[in-house]
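Below is one structure, written out as structure tokens; the observations come after it.
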Amino acid sequence: VKPLRRPNIQAEKQEEQRHRRMAREHYKAAWGLIENKDFEGAIDVLTLSIASWPTNATYLGLRGRCYFDMVLEWDPMAGMHCVCRGWPVLFVGGQSFGDTQEEFLSALEDFNEALKLDPKRVTMHERQGLTFVALARFNDAIQSFNNASRLDPSAGEPIYERAKVRAILHQDAQALEDFTLAIKKLEEEKCGPVCEPHVERAQLKRRMGLHSEAILLSQEAGGAGHKMGHGLLMEAAPVLSPRTQDLEIAHNLKQTDLNILNLLCE
């Protein structure tokens with residue numbers, strides 16, 4: 001009987017280190033592609049990273065973010081994600097218009113896998129929640145934002161995102177409470193005023209028929225430096241932010257009508 005071959009532990013460790021070194025190199029290259037908005041290229045490179053190091057939650061999360069950003073692009077001036085493919089991000093009954101559904105589902109799959117590996121990543125829960133919103137899975141989105149808030153009670157962003165989802169679902173009292181709490185936390189984080197949450201809270205008050213309170217809140221929004229002053233805010237302006245309004249419209253549409261979509265794109 002031949003003796004059993006003892007595994008070469010040293011060789012296995014060296015091979016693992018080699019794979020991880022390759023993964024880190026691909027990850028670094030991916031960031032260069034992301035900076036140039038080459039999300040498809042970054043996805044390809046990150047896929048190589050994940051193949052070399054499949055248990056790395058960071059690589060999965062970044063690839064998920066690339067899938068998400070292939071469709072949406074963060075606009076820091078607007079404080080929201082904006083469409084960069086010419087289609088509005090509108091969903092009716094969970095079905096997407098345009099060619100966005102596949103990317104959002106791929107992003108969600110990566111975020112889910114990353115959270116299995118590292119369930120304590122606050123930003124990963126937030127990104128998972130935003131992807132659920134894009135897929136019109138609003139209750140799942142609320143759960144993701146709840147998880148993020150539970151892990152970091154001082155964070156204002158998950159509460160703010162939860163407020164917008166609750167506004168979409170017409171859970172107005174809860175949304176109003178979330179907007180107020182989010183403003184407090186975000187201003188503590190930023191050591192200064194925040195604009196968009198003030199405006200959205202005022203517009204929610206207006207939708208609830210609390211016009212006098214909405215006027216006072218709109219003045220707070222003006223004090224926070226938002227470009228929408230009191231007069232503009234109280235005119236027939238959209239309820240909530242353009243991004244939130246689009247999702248709310250989509251949630252309430254009963255029939256698909258490309259003419260409506262074309263009007264919304266204008």
Side-chain angles (χ1 to χ4, degrees), residues 26-27 29-54 56-75 80-118 121 123-145 147-148 161 164-165 168 242-262 264-265:
H26 290 309
Y27 175 70
W31 274 111
L33 294 167
I34 291 169
E35 289 175 2
N36 292 320
K37 308 295 183 184
D38 183 3
F39 298 117
E40 291 186 17
I43 287 169
D44 291 340
V45 173
L46 286 166
T47 299
L48 296 175
S49 288
I50 293 165
S52 297
W53 195 342
N56 191 304
T58 298
Y59 299 163
L60 283 161
L62 185 58
R63 188 175 69 175
R65 174 183 158 184
C66 288
Y67 279 121
F68 192 91
D69 287 349
M70 283 175 68
V71 183
L72 300 180
E73 190 172 61
W74 180 256
D75 182 351
M80 64 187 202
H81 282 91
C82 300
V83 180
C84 57
R85 280 198 177 182
W87 276 94
V89 183
L90 295 178
F91 300 84
V92 178
Q95 297 299 314
S96 67
F97 294 100
D99 56 352
T100 61
Q101 182 91 343
E102 183 178 348
E103 284 87 350
F104 286 135
L105 289 173
S106 295
L108 183 60
E109 183 178 350
D110 277 349
F111 293 144
N112 289 346
E113 288 301 314
L115 284 169
K116 287 179 184 177
L117 294 168
D118 189 353
R121 295 204 177 196
T123 55
M124 204 77 72
H125 283 289
E126 288 181 26
R127 289 171 184 166
Q128 181 192 54
L130 290 171
T131 309
F132 277 134
V133 172
L135 291 167
R137 293 173 57 176
F138 299 120
N139 289 324
D140 288 330
I142 288 174
Q143 185 58 52
S144 293
F145 297 135
N147 291 337
E161 296 297 341
K164 290 189 282 187
V165 175
I168 292 169
R243 165 78 174 141
T244 309
Q245 183 205 19
D246 283 350
L247 288 166
E248 184 177 58
I249 291 170
H251 186 58
N252 292 313
L253 282 175
K254 301 301 181 183
Q255 295 180 345
T256 303
D257 187 339
L258 291 178
N259 291 328
I260 293 176
L261 291 177
N262 289 332
L264 290 170
C265 287

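These numbers come from a predicted model, not from an experiment.
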Between [atom1] on residue [X] and [atom2] on residue [Y], distance to nearest 0.5 Å:
X	Y	atom1	atom2	answer
Leu108	Asn112	CG	CG	4.5 Å
Met124	Arg65	CE	CZ	11.0 Å
Phe111	Thr131	CZ	OG1	4.5 Å
Ile50	Asp110	CD1	CG	5.5 Å
Ser144	His125	OG	NE2	7.5 Å
Phe39	Leu46	CZ	CG	11.5 Å

Under the side chain to side chain donor-acceptor pair (under 3.5 Å) test, which residues partner [X], sequence neighbours left out?
X	result
Glu126	none
Ser52	none
Gln143	Asn147
Arg137	Asp140

(request) For Tyr67, check ring pair (Phe, Tyr, Trp, His ring centres under 6.0 Å) against everything at least two apart and list the hits. (result) none
(message) Suppose the criterion is salt bridge (Lys or Arg N to Asp or Glu O under 4.0 Å): which pairs have a residue in residues 127-136, not counting sequence neighbours?
(response)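 Pairs touching residues 127-136 that pass the test: none.
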(request) On the 0 to 90° scale, with breaks at 30° and 60°, tag the Trp53-Tyr59 ring pair as parallel, tilted or perpendicular. (result)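 Perpendicular.
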(request) Using only heavy-atom distances, determine whether the side chains of Arg121 and Thr58 contain a donor-acceptor pair under 3.5 Å. (result)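 The criterion, which ignores hydrogens and geometry beyond distance, is satisfied for Thr58 and Arg121.
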(request) Using modelled atom types only, decide if a donor and an acceptor are shared between the side chain of Asp118 and the backbone of Ala114 within a distance under 3.5 Å. (result)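 Pair absent, no side-chain N/O of Asp118 close to backbone of Ala114.
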To check you understand the geometry: which heavy-atom pair defines the closest contact between [X] and [Y], and what is its length?
X	Y	answer
Ala141	Gly129	CB-O, 3.4 Å
Ile34	Cys66	CD1-SG, 3.6 Å
Ala30	Val45	N-CG1, 4.1 Å

(request) Quick one: do Met70 and Ile43 satisfy side-chain contact (heavy atoms from CB on, under 4.5 Å)? Show the steps, please. (result) CA-CA 10 Å; Met70 283 175 68; Ile43 287 169; 3.3 Å; yes
(request) Determine, using ring centers only, whether Phe104 and Phe68 are less than 6.0 Å apart. (result) yes
(request) Please name the residue in the list Gln101, Glu103, Glu102 that meets the side-chain contact (heavy atoms from CB on, under 4.5 Å) test with Leu105. (result)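 Per the side-chain contact (heavy atoms from CB on, under 4.5 Å) rule, the option paired with Leu105 is Gln101, out of Gln101, Glu103, Glu102.
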(message) Would Leu62 and Trp31 count as a side-chain contact (heavy atoms from CB on, under 4.5 Å) here? Give the steps.
(response) CA-CA 9 Å; Leu62 185 58; Trp31 274 111; 3.7 Å; yes
